[in-house]
Amino acid sequence: MQISILTDNTAGSFTKAEHGLSYLIEHDGKRLLFDTGQSNMFATNAGVMKISLKDIDTVVLSHGHFDHGNGLEFLDGGRLICHPGCFVKRYRKSDMSYIGLKMSKNELAERFDIHSSTEPVKITEKIFFLGEIPRLTEFESQTTPFVFEDGMPDFVLDDSAIALILPEGLFIITGCGHSGLVNTVEYARKVTGIKKIFGVMGGFHLKGNGLQTRETIKYLKENDVIHIYPSHCNDLPALAAFYENFGTGQVKTGNIYDF
Ligand SMILES: [Fe+2]
């Protein structure tokens with residue numbers, strides 16, 4: 001399995017960065033584009049990395065936020081898998097700034113073959129889109145800084161993830177982790193029937209070093225997770241806690257990981 005970091009919040013030596021996420025995942029004979037960042041940066045970085053985006057099998061959108069899906073306008077089309085709640089108009093409550101997708105569902109449907117599902121989607125025998133993730137823990141996704149157009153709270157129920165089956169166990173890749181990393185991993189276990197967690201990578205939405213970060217670290221330790229790569233929306237206090245506990249490195253654009 002190979003993961004190429006096309007867009008993330010930290011720049012590599014020759015690749016650029018923005019607040020966003022876009023990873024090319026190659027596994028089980030498929031090439032998946034997981035998110036597109038908020039601009040065409042994923043494509044320009046792919047060019048620098050000499051990675052072709054011509055023969056992508058499927059695009060998977062983790063959730064309907066601008067920093068994960070606005071890059072869709074720079075793709076010609078193809079199959080797009082996402083949760084049906086991705087296309088809603090949504091805002092940051094503090095200043096009512098728009099944080100939903102730039103393109104409407106109709107505009108995207110003109111270009112993509114959209115496969116939206118709240119249920120898990122088995123992309124191959126070894127690759128799963130999780131669909132809507134049940135929120136069961138008491139320390140994750142308890143509050144939200146986001147609202148819908150009508151002012152009602154938006155808990156980003158469309159936030160999903162990819163679970164990959166490797167010989168060593170599950171590898172889970174999250175976009176922004178609005179559902180909570182532990183909720184996501186537990187659901188990946190349920191969907192795939194595999195208990196061993198080999199690795200986790202992506203945005204875990206951990207900001208400070210409070211209860212959620214401490215409980216997440218405890219969970220990863222208890223489950224002997226070997227590869228841990230917090231990126232994108234995780235902030236410095238949480239990243240520092242991960243470094244202290246696991247010696248985690250920094251995920252940068254241009255990095256290519258082989259597992
Ligand atoms: Fe994000």
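Read the numbers this way: they start at 1 and go in the same order the structure lists the ligands and their atoms. We count residues from 1, following the sequence as given. As a basis for the values below, the full set of heavy atoms in this structure was taken, side chains included, without hydrogen atoms, waters or symmetry mates.
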| query | Of all N, O or S atoms in Asp67, which has the smallest distance to the Fe ion (ligand 1)? | reply |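 Atom name returned: OD2.
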
| Is there an N/O/S atom in His232 that lies less than 2.8 Å from the Fe ion (ligand 1)? | yes

Give a yes or no on whether a salt bridge exists between [X] and [Y], defined as a side-chain N under 4.0 angstrom from a carboxylate O.
X: Arg31; Y: Glu26; answer: yes
X: Lys102; Y: Glu73; answer: yes
X: Asp158; Y: Arg90; answer: yes

| request: Using the side chain to side chain donor-acceptor pair (under 3.5 Å) rule, take Thr7 and Ser22 through it: C-alpha gap first, then chi angles, then the decisive distance, then the call. | output: CA-CA 5 Å; Thr7 296; Ser22 175; 4.6 Å; no

| query | At the Fe ion (ligand 1), what is the angle formed between atom NE2 of His68 and atom SG of Cys176, rounded to the nearest 10°? | reply |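 Rounding to the nearest 10 degrees gives 110°.
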
